[in-house]
Protein chains: 2
Amino acid sequence: MKLNTKSRYAVMALADMSKFPINNPVSLRDISLRQSISLLYLEQIFLKLKKNEIVKSVRGSNGGYVLKRNPKNIKLSEIFQAVDQKVKTVGCKKDSKKGCNGKSVKCITHELWDELDIYINNFFENKNLSDLLMTKERKN
Amino acid sequence: MKLNTKSRYAVMALADMSKFPINNPVSLRDISLRQSISLLYLEQIFLKLKKNEIVKSVRGSNGGYVLKRNPKNIKLSEIFQAVDQKVKTVGCKKDSKKGCNGKSVKCITHELWDELDIYINNFFENKNLSDLLMTKERKN
DNA sequence: TAATACTTGACTATTTTAGTCGGGTATATA
DNA sequence: TATATACCCGACTAAAATAGTCAAGTATTA
Ligand code: FES
Ligand code: FES
């Protein structure tokens, strides 16, 4: 079980932004340099964050991205959803005839994975961006 | 975030076995048929379960695998460990010079992922095989 | 002695992930 | 108004991980 880079980078980048005064556009170039994340990859990620109303963009020189809401009100679950990172541990697929098809007859483990999904999502529901900032000294 | 088939199949197969009287060898062929899992893949999985003292094998005809302990005493965390499914959501690698290297300077999100890992592992620590069996009617 | 069933390492196809490329458009400021 | 900055967006590709197969066994029992 691991996280993909898209989600990790999204959280890293947004946490980076949260350290600056709100309404002050932060350019992806700067985030890219500070966090060592490919600029082009960041662009891809921020497009999704924008579509999902987490950030808004300011074009032109001196432009960048701005958090659309206070970090306190941005839950990690929203960020994950925005970058298409779903928590889905069940293995059943509607199409398959045999085994796990999750339809009429659920397999013996189906309920377990459902429970796990809810459990993990719960973690993300209860964390927001500003939670990340209030840990003792941080350098980058 | 998702689970790989190895872990899912391992849990499914062991849950399947738990339904039979202990000391009664269950052949992989039977599990394969009941759970629609490739026999050859199951063999691979059970090799690991055996090495990790979760099952023991009985060779020859009428042979098969037997749980080494009572299902009550087999935690899901052990099963996951056995099939090399680690929960590891941090992104840092020791080698990389820049960004997340998890050494002297941990990035702003490192602690978060550590916390998440512990949280998820906790779920597996507190579930055992027999927990899966005591849900109302189950067909397969 | 035939059939069953475990043993093991190596190999391969498929899918997913991570990241790049190219060719844009909008805006600020000099 | 020219130019640099920085967002916009779809398509593409390399690399890694996953899922599963193959081949060639060995041990045991009926
Ligand atoms: S996991 Fe849903 S039916 Fe098996
Ligand atoms: S996740 Fe460990 S340093 Fe970034």
Side-chain angles (χ1 to χ4, degrees), chain A residues 1-10 12-13 17 24-33 35-52 54-68 80 83-86 88-89 91 93 95-96 98-100, chain B residues 1-10 12-13 17 24-33 35-52 54-68 80 83-86 88-89 91 93 95-96 98-100:
Chain A
M1 292 213 78
K2 55 188 182 182
L3 230 44
N4 60 16
T5 53
K6 247 172 194 149
S7 335
R8 271 194 294 106
Y9 290 170
M12 278 173 78
M17 284 178 66
N24 174 46
V26 180
S27 78
L28 293 189
R29 214 183 96 83
D30 289 353
I31 298 178
S32 162
L33 291 171
Q35 308 292 339
S36 318
I37 301 171
S38 144
L39 173 60
L40 292 111
Y41 203 25
L42 272 178
E43 290 186 341
Q44 222 182 87
I45 293 166
F46 271 76
L47 222 58
K48 295 189 178 202
L49 293 175
K50 190 193 169 191
K51 273 184 190 141
N52 284 271
I54 292 170
V55 295
K56 62 187 172 200
S57 64
V58 179
R59 301 182 79 158
S61 75
N62 288 323
Y65 283 94
V66 170
L67 289 176
K68 219 167 170 183
F80 277 65
V83 296
D84 298 323
Q85 171 75 4
K86 291 178 198 87
K88 185 165 182 297
T89 57
K93 283 179 189 134
D95 44 317
S96 65
K98 303 196 67 189
C100 287
Chain B
M1 296 214 73
K2 53 187 184 182
L3 231 45
N4 59 17
T5 52
K6 246 172 194 149
S7 335
R8 271 193 293 105
Y9 290 170
M12 278 174 78
M17 283 179 66
N24 174 46
V26 181
S27 78
L28 293 189
R29 214 183 95 82
D30 288 353
I31 298 177
S32 163
L33 290 172
Q35 306 293 340
S36 319
I37 301 171
S38 144
L39 173 61
L40 292 110
Y41 203 25
L42 272 178
E43 290 185 342
Q44 222 183 85
I45 292 166
F46 271 76
L47 220 59
K48 295 188 177 205
L49 293 175
K50 189 191 171 193
K51 272 184 190 140
N52 283 272
I54 292 171
V55 295
K56 61 187 173 198
S57 64
V58 179
R59 300 182 79 158
S61 74
N62 287 325
Y65 283 94
V66 170
L67 289 177
K68 218 166 170 184
F80 277 65
V83 295
D84 299 323
Q85 170 76 5
K86 290 178 198 87
K88 185 165 183 296
T89 57
K93 284 178 190 135
D95 45 315
S96 64
K98 305 196 66 190
C100 289

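A, B, ... follow the sequence lines: proteins, then strands. Residue 1 opens every chain.
If you take OH of B:Tyr41 and P of C:dC6, they are 18 Å apart, rounded to a whole angstrom. Taking atom CD1 on A:Ile45 and atom P on C:dT20, their separation rounds to 11 Å, with Å as the unit. One can place NZ of B:Lys48 at 12 Å from C1' of C:dT8, the figure rounded to the nearest angstrom. Straight-line distance from the CG atom of A:Leu42 to the C1' atom of C:dT20: 13 Å, rounded to whole Å. Between the P atom of C:dT16 and the NZ atom of A:Lys86 lies a distance of 12 Å, rounded to the nearest Å.
Sorted by residue number, the members of residues 1-9 of chain A with any non-hydrogen atom under 4.0 Å from DNA chain D read A:Lys2.
Taking OG1 of A:Thr5 as the reference point, atom CD1 of A:Ile45 lies at 6.5 Å (rounded to 0.5 Å). Atom OG of residue B:Ser57 and atom CZ of residue B:Phe46 lie 11.0 Å apart, to the nearest 0.5 angstrom. The structure places CD1 of B:Ile31 at 10.5 Å from CE of B:Met12, a figure rounded to the nearest 0.5 Å. Distance check: A:Leu28 CG to A:Met17 CE gives 8.5 Å after rounding to the nearest 0.5 Å. Atom-to-atom distance recorded for B:Thr89:OG1 and A:Asn4:CG is 11.5 Å, nearest 0.5 angstrom. Here CG of A:Leu42 is found 12.0 Å from CG of A:Leu47. Values are rounded to the nearest 0.5 Å.
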Listed pairs under 3.5 Å, donor-acceptor, residues 60-68 of chain A side chains, sequence neighbours left out:
unit_1, atom_1, unit_2, atom_2, d
A:Lys68, NZ, A:Glu53, OE1, 3.2
A:Lys68, NZ, A:Glu53, OE2, 3.4

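For B:Leu3 against B:Arg8, the heavy-atom pair with the smallest separation is CD2-CG, 3.9 Å.
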**OP:** Using a 4.0 Å cut-off on protein heavy atoms (strictly under), produce a 5'-to-3' string for nucleotides 2-14 of chain D with B for base contact, S for backbone-only sugar-phosphate contact, and - for none.
**Re:** ---BSBBB-B---
